[in-house]
Amino acid sequence: MPITTQFKKITKSKAFYAIAGAGNYVMDLARNPRRYRSAATTRITEFYDDLANRGRNVVGKVSRDAAREFEDVSRSAAPLAGEAPGKEPTRARRTASKV
């Protein structure tokens with residue numbers, strides 16, 4: 001296979017154009033750093049804000065679900081032996097053992 005055929009095969013590939021485009025992009029960045037920096041900063045800030053909002057929504061949902069589950073368990077729990085219904089159960093105090 002002649003070298004010209006191999007060269008034509010390489011230059012018609014998408015990877016070749018992607019590499020050439022990446023080189024051009026880097027050179028453009030070197031010439032105009034402020035233009036790309038401000039655009040990148042804006043995109044990163046928007047992405048960060050979006051992640052924070054998603055996180056708030058997830059934590060809120062999980063917290064609400066856990067609170068509902070806790071309420072359900074509390075309602076269905078039988079009172080402790082010797083406790084009057086409707087009265088808060090007393091908790092035993094734990095004392096630290098002396099070493």
Side-chain angles (χ1 to χ4, degrees):
M1 178 181 273
I3 195 159
T4 55
T5 307
Q6 289 176 345
F7 184 74
K8 285 180 184 178
K9 197 183 236 185
I10 290 170
T11 58
K12 292 196 186 255
S13 72
K14 190 174 184 177
F16 175 78
Y17 289 115
I19 292 169
N24 180 267
Y25 180 74
V26 169
M27 291 305 295
D28 201 26
L29 274 176
R31 288 186 202 115
N32 304 311
R34 289 185 184 175
R35 183 175 92 191
Y36 288 101
R37 184 176 39 209
S38 65
T41 302
T42 301
R43 286 176 46 196
I44 290 169
T45 302
E46 289 172 356
F47 181 65
Y48 179 75
D49 290 344
D50 183 49
L51 288 178
N53 288 332
R54 286 172 180 262
R56 280 190 201 101
N57 291 338
V58 168
V59 170
K61 182 183 180 319
V62 170
S63 296
R64 285 188 299 277
D65 291 349
R68 282 188 204 115
E69 189 174 324
F70 181 72
E71 287 175 355
D72 293 344
V73 168
S74 295
R75 283 190 203 113
S76 66
L80 297 174
E83 292 287 331
K87 182 181 173 189
E88 289 277 328
T90 57
R91 294 191 177 115
R93 286 192 169 174
R94 293 169 59 181
T95 57
S97 60
K98 295 182 180 180
V99 178

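Computed from heavy atoms alone, side chains included, the values below leave out hydrogens, waters and symmetry copies. Position 1 is the first residue of the sequence; numbering continues from there.
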| Is Ile19 isolated, or which residues cluster with it under the ILVMFWY side-chain rule of less than 4.5 Å, directly or via members? |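 Members other than Ile19 - counting any ILVMFWY side chain reachable under 4.5 Å - there are none.
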| said: If hydrophobic residues (ILVMFWY) are linked whenever their side-chain heavy atoms come closer than 4.5 Å, directly or via other members, who joins Val62 in its cluster? | reply: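 Result for Val62 is Val58.
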| message | Can you list everything that forms a salt bridge (Lys or Arg N to Asp or Glu O under 4.0 Å) with Glu71? Sequence neighbours excluded, please. | response |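 Per chain and number, Glu71 pairs via salt bridge (Lys or Arg N to Asp or Glu O under 4.0 Å) with Arg75.
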| field | Residues which pass salt bridge (Lys or Arg N to Asp or Glu O under 4.0 Å) with Arg56, listed by chain and number, not counting sequence neighbours | value |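 Counting only residues at least two positions away or on another chain, Arg56 forms no salt bridge (Lys or Arg N to Asp or Glu O under 4.0 Å).
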| request: Mind jotting down which residue pairs meet the side-chain hydrogen bond (donor to acceptor under 3.5 Å, both in side chains) criterion with at least one end in residues 57-66? Sequence neighbours excluded, please. | output: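 Sorted result for residues 57-66: Lys61-Asp65, Asp65-Arg68.
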| query | Under the side-chain hydrogen bond (donor to acceptor under 3.5 Å, both in side chains) rule, what pairs show up with a residue in residues 15-27, not counting sequence neighbours? | reply |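 Every pair satisfying side-chain hydrogen bond (donor to acceptor under 3.5 Å, both in side chains) with a residue in residues 15-27: there are none.
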| message | Return the CE to CG distance between Met27 and Leu29, rounded to the nearest 0.5 Å. | response |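 If we round to the nearest 0.5 Å, Met27:CE and Leu29:CG are 10.5 Å apart.
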| field | Option passing side-chain contact (heavy atoms from CB on, under 4.5 Å) with Glu46 (candidates Asp49, Thr42, Asp50) | value |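 Option passing the side-chain contact (heavy atoms from CB on, under 4.5 Å) with Glu46: Thr42.
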